[in-house]
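Shown next, in C-alpha cells, is the structure this report addresses.
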There are 2 protein chains.
Amino acid sequence: MLHRPDPFNAQCPTRRVLDRIGDKWAVLILILLERETLRFNELRRRIEAISQKMLSQTLKSLERDGLIRREVFATVPVTVEYSLTDLGRTLASTVDTLRLWAEAHIGAVEEAQRRYDRGLPAGEAILPETALR
Amino acid sequence: MLHRPDPFNAQCPTRRVLDRIGDKWAVLILILLERETLRFNELRRRIEAISQKMLSQTLKSLERDGLIRREVFATVPVTVEYSLTDLGRTLASTVDTLRLWAEAHIGAVEEAQRRYDRGLPAGEAILPETALR
DNA sequence: CGGGATCCCGGACGATACTG
DNA sequence: CAGTATCGTCCGGGATCCCG
C-alpha cells in the first residue's frame, strides 16, 4: 500500500469498512453467527424488529465483503444456511467485545443520561474564569 | 438486574448502546479523542466530510451518554474542548481495535468484493445435490 | 422457504443564515 | 469560535405482493 490507511479520509477504504461495521444490523448478525450457523428465517426470528428486506440486504453485503458464507441446499423448499468465514470470525470476536462492553457499562450510561436530562450538573465542573487561555 | 441484557430484543438498553456505537461519526470521534483533547473546529477539520450539524449533534449525544466531557473556556471568542471521560476511554480503546481490524484486513475485504462482483466464484463451493437434508 | 421488485413515507442529513 | 434555527431534499427502510 502506497499511503497509510486513514479512516478520517472520506475516500479511504478503511473508512468504508468502519461504516459497514457501523451498520447496526451487521453487528447483530455477526454476533449471532459467531455462535452458530443459522438459516434465513432463524436469523429473522432472533433479531427482533428486523425486516426481511434489511436482513437480506445486510446478509448480501456481508457476503460480498467475504465475512459470511451462504450455502444453498437443494431441498424443497430450499434451505439456505449462513455462517462466518475465517475472515468474518476474526471480526466477529472483536465486535463481540463491543457487546460485552455494552452489557457491562449499560448502567453507567443510563445513569449519565438521567443526570444529563436533569440539567447536567454533578461530576462536571464549572470552570473558573481564571482558567482563561 | 432482573433479566439479563439481550441486544436482540429491540427494547433492551444494550441494543440501544450498540446502535449508538453503530453511529459512524461517533466511532470516528471516539478514536480521535482517545489520542488527544480537541476543540470543535479541530474535530471538524480532521473528520473529513462531516457537517457541523452532525458533529454538534453527535458530540451532544456522546456527552449525554457520559462518554465525553465538554469544557467551555470563557475566552473571546469562546473556546470549547472535548475529551474522553473515564467511561469513554474504556469504550474508545475497544472501538479502536475495530479500526485496527479494518486497517489489517482491508485488503482481504477488497479482494472478496472484487471476486463477488465478478460473479462470486472461487472459494465458495457449489454443493452437490447429494447433500440433501 | 428464501428471497426479489415495487411503492411510498418519515426522518436523517446537508446547506444556509443567524447569534452569543 | 462554537454553535442553534430553519428549510428542503433525499433515501433508508418498512409494507406489500410475488416468484422459484
Side-chain angles (χ1 to χ4, degrees), chain A residues 10 15-16 19-29 32-33 37-64 68-83 116 120 124 126-127 129 131-133, chain B residues 10 15-16 18-29 32-33 37-64 68-83 116 119-120 124 126-127 129 131-133:
Chain A
R15 165 74 164 266
R16 293 199 301 272
D19 287 352
R20 291 236 11 78
I21 297 171
D23 184 329
K24 53 185 282 191
W25 300 125
V27 168
L28 294 175
I29 290 173
L32 277 179
L33 290 185
T37 292
L38 289 172
R39 292 170 37 195
F40 188 86
N41 278 337
E42 286 174 339
L43 281 165
R44 189 149 146 65
R45 273 189 297 274
R46 303 221 190 183
I47 305 179
E48 198 165 312
I50 193 175
S51 66
Q52 95 293 35
K53 176 180 176 178
M54 289 315 297
L55 178 56
S56 148
Q57 188 172 305
T58 307
L59 285 170
K60 200 181 300 179
S61 57
L62 286 174
E63 187 194 1
R64 177 171 183 267
I68 68 176
R69 176 176 22 248
R70 180 176 185 273
E71 292 176 293
V72 182
F73 299 91
T75 54
V76 251
V78 68
T79 300
V80 181
E81 287 188 352
Y82 292 93
S83 57
Y116 185 94
L120 65 148
E124 300 306 359
I126 285 127
L127 299 176
E129 290 156 31
L132 292 183
R133 3 177 25 230
Chain B
R15 166 74 163 267
R16 294 199 301 273
L18 240 26
D19 288 351
R20 288 236 14 76
I21 297 170
D23 183 329
K24 53 186 281 191
W25 301 123
V27 169
L28 294 174
I29 290 174
L32 277 178
L33 290 185
T37 292
L38 290 172
R39 293 167 37 194
F40 188 87
N41 279 338
E42 286 174 338
L43 281 165
R44 189 148 145 63
R45 273 189 297 275
R46 302 219 190 183
I47 305 178
E48 198 165 310
I50 194 174
S51 66
Q52 93 290 42
K53 176 180 179 178
M54 289 315 296
L55 178 56
S56 153
Q57 188 172 306
T58 306
L59 286 171
K60 199 179 299 179
S61 56
L62 286 174
E63 187 195 1
R64 177 171 183 267
I68 68 176
R69 175 174 25 248
R70 179 177 185 273
E71 293 176 293
V72 183
F73 298 91
T75 53
V76 250
V78 68
T79 300
V80 181
E81 288 189 351
Y82 292 92
S83 57
Y116 185 94
L120 65 149
E124 302 304 359
I126 286 126
L127 299 177
E129 290 155 32
L132 292 185
R133 9 179 20 232

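Reminder, nothing fancy here: chain letters follow the sequence lines and each chain counts from 1.
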(request) Assess whether side chain to side chain contact (heavy atoms under 4.5 Å, CB included) is satisfied between B/Leu33 and B/Leu43, documenting all intermediate values. (result) CA-CA 9 Å; B/Leu33 290 185; B/Leu43 281 165; 4.2 Å; yes
(message) Does A/Arg70 form a side chain to side chain contact (heavy atoms under 4.5 Å, CB included) with A/Val80? I'd like the steps, not just the answer.
(response) CA-CA 7 Å; A/Arg70 180 176 185 273; A/Val80 181; 3.8 Å; yes
Can you tell me which nucleotide in [options] comes closest to the side chain of [X]?
X: B/Ser56; options: C/dC13, D/dG3, C/dG2; value: D/dG3
X: B/Val80; options: C/dG2, D/dG14, D/dA2; value: D/dA2
X: B/Gln52; options: D/dT4, D/dC1, D/dG14; value: D/dT4

Nucleotide [N], atom [atom2] - distance to [atom1] of [X] in whole Å:
X: A/Arg45; N: C/dC1; atom1: CZ; atom2: C1'; value: 11 Å
X: B/Leu55; N: C/dA15; atom1: CG; atom2: C1'; value: 16 Å
X: A/Lys24; N: C/dA12; atom1: NZ; atom2: P; value: 11 Å
X: A/Leu43; N: C/dC1; atom1: CG; atom2: P; value: 14 Å
X: A/Met54; N: D/dT16; atom1: CE; atom2: P; value: 18 Å
X: A/Leu38; N: C/dG2; atom1: CG; atom2: C1'; value: 15 Å
X: B/Gln57; N: C/dA15; atom1: CD; atom2: P; value: 15 Å
X: A/Phe40; N: C/dG3; atom1: CZ; atom2: C1'; value: 6 Å

Minimum heavy-atom distance [X]-[Y], with the two atoms named:
X: B/Glu48; Y: A/Arg15; value: O-NH2, 3.4 Å
X: A/Ala26; Y: A/Leu62; value: CB-CD2, 4.2 Å
X: B/Phe40; Y: B/Leu55; value: O-CD2, 3.6 Å

May I ask you to verify if any side-chain N or O of [X] is less than 4.0 angstrom from the OP1 or OP2 atom of [N]?
X: B/Arg39; N: D/dA2; answer: yes
X: B/Arg44; N: D/dA2; answer: no
X: B/Lys60; N: D/dT4; answer: yes
X: A/Tyr82; N: C/dC1; answer: no

(request) Using heavy atoms to find the nearest nucleotide of DNA chain C for A/Lys53 and A/Pro77 separately, return the residue whose nucleotide is more 5′. (result)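 With A/Lys53 and A/Pro77 compared, the 5'-side residue is A/Pro77.
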(request) Pick base, sugar-phosphate or nothing for B/Val78, based on heavy-atom distances below 4.0 Å to the nucleic acid. (result)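 Counting heavy atoms under 4.0 Å across all strands, the contact made by B/Val78 includes a base.
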(message) Using heavy-atom distances to pick each residue's nearest nucleotide on DNA chain D, tell me which of A/Ile50 and B/Asn41 is more 5'.
(response)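 First, find each residue's nearest nucleotide; the 5'-ward one identifies B/Asn41.
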